There are 2 protein chains.
Amino acid sequence: MARYAYVNGRYVPHGEGAIHIEDRGFQFSDGVYEVVPIINDRLVDVGPHLDRLERSLSELQITPPVSRRVLELVMAELIARNGVSEGLIYMQVTRGVAPRDHKFPKGVSPTIVMTTKRVPFMSQKKLSDGVKVITIPDIRWTRCDIKTVSLLPNCMGKTKAAEAGAYEAWQVDGDGLITEGTSSNAWVVTADDKLLTRPVSHDILRGVTRQCLLDIAAEEGLAYEERAFSVETAKSAREAFTSSATSFVTPVVQIDDVRLGDGTPGPLSSRLQRWYLDYCAGRMRST
Amino acid sequence: MARYAYVNGRYVPHGEGAIHIEDRGFQFSDGVYEVVPIINDRLVDVGPHLDRLERSLSELQITPPVSRRVLELVMAELIARNGVSEGLIYMQVTRGVAPRDHKFPKGVSPTIVMTTKRVPFMSQKKLSDGVKVITIPDIRWTRCDIKTVSLLPNCMGKTKAAEAGAYEAWQVDGDGLITEGTSSNAWVVTADDKLLTRPVSHDILRGVTRQCLLDIAAEEGLAYEERAFSVETAKSAREAFTSSATSFVTPVVQIDDVRLGDGTPGPLSSRLQRWYLDYCAGRMRST
């Protein structure tokens, strides 16, 4: 089955998808993106993802390339062409092509690219076994709330994690408080069974999964608080997990050299994971 | 005359220069660049620029795509094909094309792109009249010494400057000290005629022009110091200027709402500019 990409209004074979060398996404990381999971032939949380895309574009004064309705139609068409029932759709919008100059050009058409990828999400070992995370200094800029492709520090952190045999790196601010993972939000469960995750600000991405988990926690009557927590708090936590649209609720069983509990996923993490996967699979609430 | 770009081993018409949609430069700003000016048919300071390119690649563990000798041959060929006697050559190297995944992939061929642009550098009004700069918070990451294409905050700052009718934005750290411009290094001349510019660290780019100006200052016996200075110091300075490979020594005559001196380029700035332009034009020293 041929794999297509959508590039500026055309469906092209994935391998032929190309953008100009003076695209500002390439020269300046002047663009934003979203990744939307597909489970059981359904896009998960597409509404919040497109809301966030619009917010990111607005923060950078990039004109949306097409209407939201057209975006949804293109997504559906690409998923159908590529026959993806479990996987993800990646979309990237940049300011467009212009002669190289730092300042935002006027009257430029934005670039839009969409690709899909099949991923056997539900059978991932990390979901059942949990993962190790390491902690690293947060070296990123001060506007991590905008989902831009300016992801080099995140890539460096993720590479450090992999080199340490870990799945993710949790980044730590100047006050010793964890901000978030390089591609996920960080959570812990305190000794008194309270869920903690850092409140939204310019320091972290407003995770769609993060918000959904907070909604589930509220509905299920779990104790939770949006509060920044330290590396020490995390290492002495009863449980921990990391969340994102494509890693769902991934239990954390080790932070740096410290094993959490008995080194297996904690009960609350596992419960939240089950709830969330049920939600993704369309077997639960429609929030 | 056709304008060519060099893309991964081929000379192609500029408008047809393209990279794949999964190039890590496009998806992750996982790449570095250099801009080398061309004056009087000569590349200016090509050695230090290629040194810095190698350093940037090394910091990010990207394999150089070709040897330095080949790079120099390609530069010469592209400049000849495009007939550029005054202007610049832009080169960008990214980690290459790989299925999207934050962590650095292994065994990937880096992407290399080179373009040229004709610019009538010597007749630029900003060199004779000076410019206004504004000051803005430095919102960038903590590794500004690596010359990456992760330039979105720089673009945002330059756009703010343009909106304020200014040429450049000088960025200010958490201690109220100026780091550098969005695409240039910042300098002031104190009341006792001492040149000040911030010392190199992870906070600023190691400007090739910056270093050359320090060398000239030393040779000419000028008083200078590599020391961070505050916005207040800058606003009460006798003179100020901003330096880069393509803006050379551009006098600063206004910072935010404060006019420096009589609002015309200061004598030391003008002298340094003349020395530096002579150097660029090959009429002076060979350092």
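The shown structure was predicted, so the numbers you read here are calculated from the model rather than taken from an experiment. A note on names: the letters A, B, ... follow the listed sequences, proteins ahead of strands, and every chain is numbered from 1.
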Selection from A:M156, A:R140, A:Q27 maximising heavy-atom pairs under 4.5 Å formed with chain B: A:Q27

Main-chain N/O of A:G165 paired to A:E163 side chain as donor or acceptor, under 3.5 Å: no

Side chain A:S29, main chain A:G25, donor-acceptor under 3.5 Å: no

SB check B:K132 B:E168 (cutoff 4.0 Å): no

Test: B:R55 and B:D145 ion pair at under 4.0 Å: yes

Taking [options] one by one, which has the highest count of heavy-atom pairs under 4.5 Å against chain A?
| options | answer |
| --- | --- |
| B:I19, B:V35, B:V149, B:I146 | B:I19 |
| B:G15, B:A5, B:G157 | B:G15 |
| B:V7, B:L60, B:T115 | B:L60 |

For B:H49, ring pair (Phe, Tyr, Trp, His ring centres under 6.0 Å) partners two or more places apart: none

Contact origin within B:S150 toward chain A - heavy atom pairs under 4.5 Å: both

Which atoms of B:K117 approach chain A - backbone, side chain, both or neither, heavy atom under 4.5 Å: side chain

Cation-aromatic face contact A:K158/B:F28, 6.0 Å, 45 degrees: no

Which atoms of A:D30 approach chain B - backbone, side chain, both or neither, heavy atom under 4.5 Å: both

A:H14 portion near chain B, given a 4.5 angstrom heavy-atom threshold: both

Any residue of residues 170-183 of chain B which, by heavy atoms, sits under 4.5 Å from chain A: B:T182, B:S183

List the atom pairs, with distances to 0.1 Å, where a side-chain N or O of residues 81-91 of chain A and a protein N or O form a donor-acceptor pair under 3.5 Å, not counting sequence neighbours.
residue, atom, partner, partner atom, Å
A:R81, NE, A:E77, OE2, 2.8
A:N82, OD1, A:Y4, N, 2.7
A:N82, ND2, A:Y4, O, 2.9
A:N82, ND2, A:T116, OG1, 2.8
A:E86, OE2, A:F121, N, 2.9
A:E86, OE2, A:M122, N, 2.8
A:Y90, OH, A:Q92, OE1, 2.6

If you look only at distance, which donor and acceptor atoms sit under 3.5 Å apart when one is on a side chain in residues 98-109 of chain A and the other is two or more places apart or in another chain?
residue, atom, partner, partner atom, Å
A:D101, OD1, A:K103, N, 3.4
A:D101, OD2, A:K103, NZ, 3.3

Close side-chain approach of B:T142 to B:H202, heavy-atom, < 4.5 Å: no

Side chains of B:F248 and B:Q124 in contact at under 4.5 Å (non-hydrogen atoms): yes

